[in-house]
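This report refers to the structure that appears directly beneath it.
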There are 2 protein chains.
Amino acid sequence: MSALTARHEYTIKEAAALTGLPASTLRYYESIGVIAPVGRGASSGHRVYDEEDLDQIMWVACLAATGMSVRDMPKYVANGQLGPCAAGEQIELLTAQQQRLEVEAKQLVLRQRYVALKIDYWHAVAAGDDGHVELLLGEARTLADEVKPASKR
Amino acid sequence: MSALTARHEYTIKEAAALTGLPASTLRYYESIGVIAPVGRGASSGHRVYDEEDLDQIMWVACLAATGMSVRDMPKYVANGQLGPCAAGEQIELLTAQQQRLEVEAKQLVLRQRYVALKIDYWHAVAAGDDGHVELLLGEARTLADEVKPASKR
DNA sequence: CTAAGAACTTCAAGTGCTCGAAGTCAGGGC
DNA sequence: GCCCTGACTTCGAGCACTTGAAGTTCTTAG
């Protein structure tokens, strides 16, 4: 298996893009021991992530998203190391993460609408279109009420 | 009329409940000048919020939710009172924000695809479907390759 | 009226990143 | 070869809250 399965390697930037955590956070997590030390390029000293590292990071990202403090994480990461026997738990956490991402996507769309609305609003103000201004202000208030649960993060 | 139209007054706790921001954050925002100084009870020295304060806080909460830094907020909050003269600057700030949100949306979609792939992967692992596992690992690699051009193209 | 307790006050320190500075390293053009 | 660009490295400071301590004030029950 190992000979044919050329393990793909990732730079810190690719790992960041796939897991949704900034590179700085990946280094931070490694520095405080939340994730295991990542392999380094022989000559460069740069971090080299493999699939296993990414799985671990995804796991940590799930824990972080549920509000767990970084001091409590190492224990739970150890559980995640157990491999195939832990597949069920992995799926459970990843599914929860999927739902969070969906919520995040919805909130993002809402924010995009809100910003677009505000741009319209200022265009109307600049044009002196008072009727349109009033209309847009009303819509903005409606949207503002919906954007409440964006206080986390 | 105005005497009877009791302009409702709120404690910091009520203001927090209505705006969705913790009381500590309201004090923090006031301390750094993001919101105007709030009136105080004559004898107690406790903060007393009125409707206008709440509108301003809601507005700031929206800015915070869209990712604006607290340093940029005072200008933006002040501009809200200035009317048409500041429309150009408002539009400029909001358009920049719109572009940030667009980037964020693309990254979010990428993460969603990755998580979905990982769920498939663990299902295949649980089922002992090694061929499928290999296939999905390959797809993860392909997904990672898409990240690279996204940063510079 | 007084005493207990909840809720407010300020100030300081902690948290979880996040950014900037200064230096190292890989790849490409001359 | 040699330099340039750009991505990586560590480290320490900064940011946006957040929490804790210590004290004051409002409220309520006896």
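Both backbone and side-chain heavy atoms feed into the values below; hydrogens, waters and symmetry mates do not. Throughout, protein chains are lettered first and strands after them, A, B, ... in sequence-line order, and every chain is numbered starting at 1.
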**Q.** Closest listed nucleotide, where the reference is the side chain of A:T11 and the choices are D:dT18, D:dA16, D:dC8
**A.** D:dC8
(Q) Rounding to an integer number of Å, can you tell me how far A:M73 CE sits from C:dG16 P? (A) 8 Å
**Q.** D:dC15 OP1/OP2 closer than 4.0 Å to side-chain N/O of B:S69
**A.** no
Q. Expressed in angstrom and rounded to an integer, what is the separation of B:Y10 atom OH from D:dC26 atom P?
A. 21 Å
Q) Mapping A:H46 and A:S24 to their closest nucleotides on DNA chain C, which lands nearer the 5' end? A) A:S24
Q.
Please report the distance, rounded to the nearest Å, between CG in A:L26 and P in D:dC8.
A. 11 Å
Q | Listed nucleotide nearest any side-chain atom of A:V70, set D:dC8, C:dG16, D:dC26 | A | C:dG16
Q.
Given 3.5 Å as the limit, does a donor-acceptor pair link the side chain of A:E30 with the main chain of A:A36, or not?
A. no
Q: Name the nucleic acid region contacted by A:S31, choosing base, sugar-phosphate or nothing; use a 4.0 angstrom heavy-atom cut-off, strictly under.
A: nothing
Q) For the side chain of B:D53 and the backbone of B:D50, is there at least one donor-acceptor N/O pair under 3.5 Å apart? A) yes
Q: Return the nearest nucleotide to the side chain of B:R47; candidates are C:dT10, D:dC15, D:dC8.
A: C:dT10
Q: May I ask you to verify if any side-chain N or O of B:R71 is less than 4.0 angstrom from the OP1 or OP2 atom of D:dG14?
A: no
Q) Heavy atoms under 4.0 Å, any strand shown: does A:I32 hit a base, just sugar-phosphate, or nothing? A) nothing
Q | Value in whole Å for how far the C1' atom of D:dT25 lies from CD1 of B:I12 | A | 15 Å
Q: Starting from C1' on C:dT10, measure out to OH on B:Y28 and report it in whole angstrom.
A: 16 Å
Q.
Under a 4.0 Å threshold between the charged nitrogen and the carboxylate oxygen, would A:R47 count as salt-bridged to A:E9?
A. no
Q.
Nearest 0.5 angstrom please: B:L135 CG to B:L117 CG, how far?
A. 9.0 Å
Q. A:T25 has a side chain; which of D:dC8, C:dT9, C:dC17 sits nearest to it?
A. C:dC17
Q. Under 4.0 Å between a side-chain N or O of A:Y29 and OP1 or OP2 of C:dG16?
A. no
Q: Quickly work out the B:E14 CD to D:dC26 C1' distance and round it to whole Å.
A: 14 Å
Q: Grab the CG-C1' distance between B:L21 and D:dA16 for me, whole Å please.
A: 12 Å
Q: Establish, from distance only, whether the side-chain atoms of B:Y121 and B:E139 form a donor-acceptor pair under 3.5 Å.
A: no
Q. Side-chain N or O of A:R27 less than 4.0 angstrom from OP1 or OP2 on C:dG16?
A. no
Q. For D:dC26, does OP1 or OP2 lie under 4.0 Å from any side-chain N or O of B:S44?
A. yes
Q: Specify the separation, in whole Å, of atom NZ of B:K13 and atom C1' of D:dC26.
A: 14 Å
